[in-house]
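Here's the structure we're looking at; comments come further down.
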Amino acid sequence: MNAYRRMLALSFVLLVFTSMLSAAPCPTAERTMLVPAVLSEQGGGLLRMTVRVHPGSGAVLTTVSPVVGPSTQESQMQAAREAFRGLDISPSQCEVEYYFRDPAGAPSLDGPSAGMAMTVALRAALTDRTIRDDIGITGAILPGGRAGRVGGIIDKAQASSRYGLLAIITPKQEIYENIILTRLGEERNFSAVEVRNLDDAMAVATSGAGTPIRPRFVLENRPVPDSLPYRAQNDGDRQFSRVAQSINEQMQKRTSGSGVTSLPRYSAYFAKEAEQNDMLIRLGYGYTAANNAFLSQVDAAFLNLPDYDPDVEAEMRTAEGCIQNAPRPALNSQNIEWVAGGNARLQWAAQKLRDVNGSLGEQRSSEERYLAIREVYYAEGWCQAGSELNKIAQDVQGDAVDGGALAALARKRVAEEERALDESPLASNDAQWHLRVANRSLSDSDWAAALFDAAYVHGTRAADTDALSENSTTPLARKAERLAGAQMNAVWGRTYQSQGAYMIAAGNNSDTSAADAYRVLRLGQAMEEGMNGLSNLSASAASSEGGAGDGTRGTGPGAGGGKIDWKNGVEAAVGLGVLASVLGLGISIAGRMKKRKGQAG
């Protein structure tokens, strides 16, 4: 055995020695290019980036003026790894230096979005290729040379065009980003080119001078999984399918407008989405269909916006009007879940508008205004969904609800979740945001909505705790499968369960993971526990906390025709999580409408 180990060690040494002898010598070269960035108060701008490579000992060095933050430093290390990958040049025999210069004099820069540009520049230097001087590049660099998503694409594209560049290379674009970039290209003869990886970026960046650069954006519908089974439906599921069908029809109306049909590829895309949503509803996945339809509405709305300086306040007034005019059904023992879900979404819409209103003074760049409008569209979508749910509630008859008992239960559960979050090191933004909404519902005497958000916070908090403590004996994937097959009876337990089951079936064909599916299913379990049994809070007559304050009628934001109080806005939370949705799949309330100096990512 020892002799065998010595032979392996000798073989490894010989292999390394042979590869060093066969490696090409490190070249001495440099490349300079303009890198689009989000710069402090200016919005989009361009940095001049130079990379130099020469024989050395494997070090990767960076400039100290401006100061380069840790995220950009890590991107430089990753860029060097990917630039050398597959080449017959040993990185240990080279030294790489990165230099940045901001003509406006930003003292520091940070962020991952210069990663792809740094990789392309170094790769071109190592392989003696010329980079075109009429393009910009943005995007993170990920292992394997993949292009990683970044923010600020619109601002960076506008800056690139303003400074005379003909194109910008980007990672995967959101649909709303591509809509805006397409308009920019038509007005200014400018192209936004979506790339998947380093090879794609190199092909564009080193194409011959004067070669036309054509826009590229992959717009494709995600197919319904072939393995998706039919989901047996009860009366509550069938009622929810009515809500999903209504939201899908609203999406079809929104996406059949002149702004959409003027661009055939979008028209065909949204038509296919509507068709697939109908299929999902027939298969028993109404929540998934409603979620998809809502997100399509948000994207399509951008086709009818002006190219620059969108009117955030006007869009907010439209959403406010929706909230003011939403139906407010009387609460009874049989419709309490529908009212809870409907009123909760109206509360979310009102809170989202307060958040956006509180950030209006900070929106200096056009992308921040577009993102603000996107949040307003989420608010409007939540309002529409809440209205549809409350229409269902209006048709359901039942006994009066004991308002006093309902109020006491709501206060108790919200207080429990508040204490739990205070004691937890895992207080996510999402959980904190929904707790804030729950407290607002309490102040509005909207007891059913407060109970809904208390259950939401509980499920989110539990999923975060489970994800942190995951072990090999019971991985999240197995836990998710168990919850997907569990017996659930409450409307919202079954609704979230159907979405989790869909996510499991989608598997590798989606951007979601087992942790994402488990998170939704754990939320469904919390809704099952929190909502089931509320119908037992009936009485021969409503208890006497008085009028609209007893939680039986007229509660919620804007009830009674009053104006929403926009002055109570708190910090501006922008819900940009991949799973954010109309019906509460807002898994991540992430990001803030604020700038960082010299932010490259």
Side-chain angles (χ1 to χ4, degrees), residues 151-152 174 176 294-295 297-298 301-302 305 310-324 326 343-386 414 417-418 421 427-444 446 449-450 452-454 456-457 460 556-558 562-596:
E174 299 285 353
Y176 85 95
F294 165 70
L295 294 175
Q297 284 192 74
V298 171
F302 278 84
L305 283 177
D311 191 343
V312 180
E313 291 85 350
E315 299 293 339
M316 289 178 67
R317 287 192 293 272
T318 299
E320 180 184 2
C322 175
I323 296 171
Q324 297 296 326
N343 282 6
R345 281 153 183 81
L346 296 177
Q347 291 283 359
W348 298 350
Q351 184 61 52
K352 182 66 72 176
L353 294 182
R354 285 190 288 269
D355 291 344
V356 172
N357 186 70
S359 74
L360 287 179
E362 300 173 1
Q363 295 162 18
R364 301 182 181 92
S365 74
S366 59
E367 180 158 30
E368 286 177 320
R369 290 191 291 277
Y370 282 121
L371 290 176
I373 280 186
R374 195 167 189 245
E375 294 303 291
V376 174
Y377 288 153
Y378 272 94
E380 188 175 350
W382 280 334
C383 176
Q384 292 171 352
V414 172
E417 292 307 318
E418 193 158 23
L421 276 188
S428 68
N429 287 344
D430 192 27
Q432 292 179 32
W433 192 84
H434 281 276
L435 179 63
R436 191 159 69 240
V437 178
N439 277 305
R440 181 67 186 224
S441 295
L442 290 181
S443 70
D444 288 342
D446 197 348
F452 190 98
D453 270 307
Y456 192 107
V457 173
T460 301
K563 291 288 289 181
I564 297 173
D565 180 10
W566 301 127
K567 301 302 182 184
N568 288 332
V570 291
E571 63 175 340
V574 184
L576 298 180
V578 172
L579 301 178
S581 81
V582 58
L583 297 172
L585 195 56
I587 299 303
S588 176
I589 305 296
R592 296 291 182 267
M593 293 186 201
K594 293 183 179 179
K595 293 278 192 168
R596 287 185 292 175

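We number each residue from 1, following the sequence as shown.
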### Task
Please answer whether the main-chain N or O of V457 pairs with a side-chain N or O of T460 as donor and acceptor at a distance below 3.5 Å.
no

### Query
Taking all non-hydrogen atoms of both residues, which atom of A438 and which atom of A450 are closest, and how far apart?
O-CB, 3.8 Å

### Task
Specify the closest pair of heavy atoms between G381 and F294, including all atoms of both residues, with the distance to one decimal.
CA-CE1, 3.3 Å

### Heavy-atom pair of closest approach, residues F452 and A344
CD2-CB, 3.7 Å

### Query
What pair of heavy atoms forms the shortest contact from S441 to A449, and how long is it?
OG-CB, 3.7 Å

### Task
Enter the distance from E380:CD to Q297:CD here, rounded to the nearest 0.5 Å.
8.0 Å

### Query
To the nearest 0.5 Å, how far apart are CZ in R345 and CG in D453?
9.0 Å

### Task
Rounded to the nearest 0.5 Å, what's the gap from CZ on R354 to CE on M316? Could you check?
10.5 Å

### Task
Compute whether any side-chain donor of one residue and acceptor of the other, for Q347 and D446, lie under 3.5 angstrom apart.
yes

### Atom pair CG (L353) and CD (E320), whose distance is rounded to the nearest 0.5 Å
7.5 Å

### Task
Look at the aromatic rings of W348 and W382 and report parallel, tilted or perpendicular, splitting at 30° and 60°.
perpendicular

### Query
Could you state the interatomic distance from CD1 (I373) to OH (Y378), rounded to the nearest 0.5 Å?
14.5 Å

### Query
Do W433 and D355 pass the side chain to side chain contact (heavy atoms under 4.5 Å, CB included) test, and can you show the C-alpha distance, the side-chain angles, and the key distance before you say yes or no?
CA-CA 10 Å; W433 192 84; D355 291 344; 2.7 Å; yes

### Task
Looking only at non-hydrogen atoms, find the nearest pair between A319 and V376 and report the distance.
CB-CG1, 4.1 Å

### Query
So how far is it from E418 CD to L421 CG, rounded to the nearest 0.5 Å?
8.0 Å

